[in-house]
Amino acid sequence: MLTNASKHFMMLFEQDAEEIFQMYQSPKEIIELTSEDVIAHENSDRCYICKEEFTISDYKVKYHDHMQGYYRGAAHNSCNLKARVPHFLPIIVHNLSGYDSHFFH
């Protein structure tokens, strides 16, 4: 039997969080686009993120997944820059208001 479950839980949680942050610290370069991706990008007149039309001042760029490098779609330069990896890890815990939370006090 584990004598200090809350300490063990927090240690495992910190390890998982560190692994997740390490994955995001080394973003992948965009993988070479397929011919379908190239055609879709060239023909796109709306942003993949906000669905608005491209403008001269807010031009089209290749938006890609920073974890795996896959092309997602054409996006405004401003939308692409705003769509960054968060610097926090959201935690959702079910039923923590009851007995389950007593060891966090």
Partner set under salt bridge (Lys or Arg N to Asp or Glu O under 4.0 Å) for Glu53, not counting sequence neighbours: Arg46

Determine whether more than 12 heavy atoms belonging to other residues, nucleotides or ligands lie under 6.0 Å from atom CD of Glu32. no

Euclidean distance, Leu33 CG relative to Ile39 CD1, rounded to 0.5 Å: 11.0 Å

What's the spacing between Leu12 CG and Lys7 NZ if we round to 0.5 Å? 12.5 Å

Scan side-chain atoms only and decide if Tyr48 and Arg72 contain a donor-acceptor pair under the 3.5 Å cut-off. no

Would you call the rings of Tyr71 and His41 parallel, tilted or perpendicular, taking 30° and 60° as the class edges? perpendicular

Count I, L, V, M, F, W, Y as connected when their side-chain heavy atoms are under 4.5 Å apart, and connections chain through other members. Are Tyr63 and Tyr70 then in the same cluster? no

Side chain to side chain contact (heavy atoms under 4.5 Å, CB included) involving Phe54 - partner list, sequence neighbours excluded: Ser44, Cys47, Lys60, Ala74, His76

I need the minimum non-hydrogen distance between Ala83 and Ile49, along with the two atoms involved. CB-CD1, 4.1 Å

Asp37 side chain to Thr34 side chain, donor-acceptor N/O pair below 3.5 angstrom: yes

Any chance you could measure Cys50, atom SG, to Asp58, atom CG, to the nearest 0.5 Å? 7.5 Å

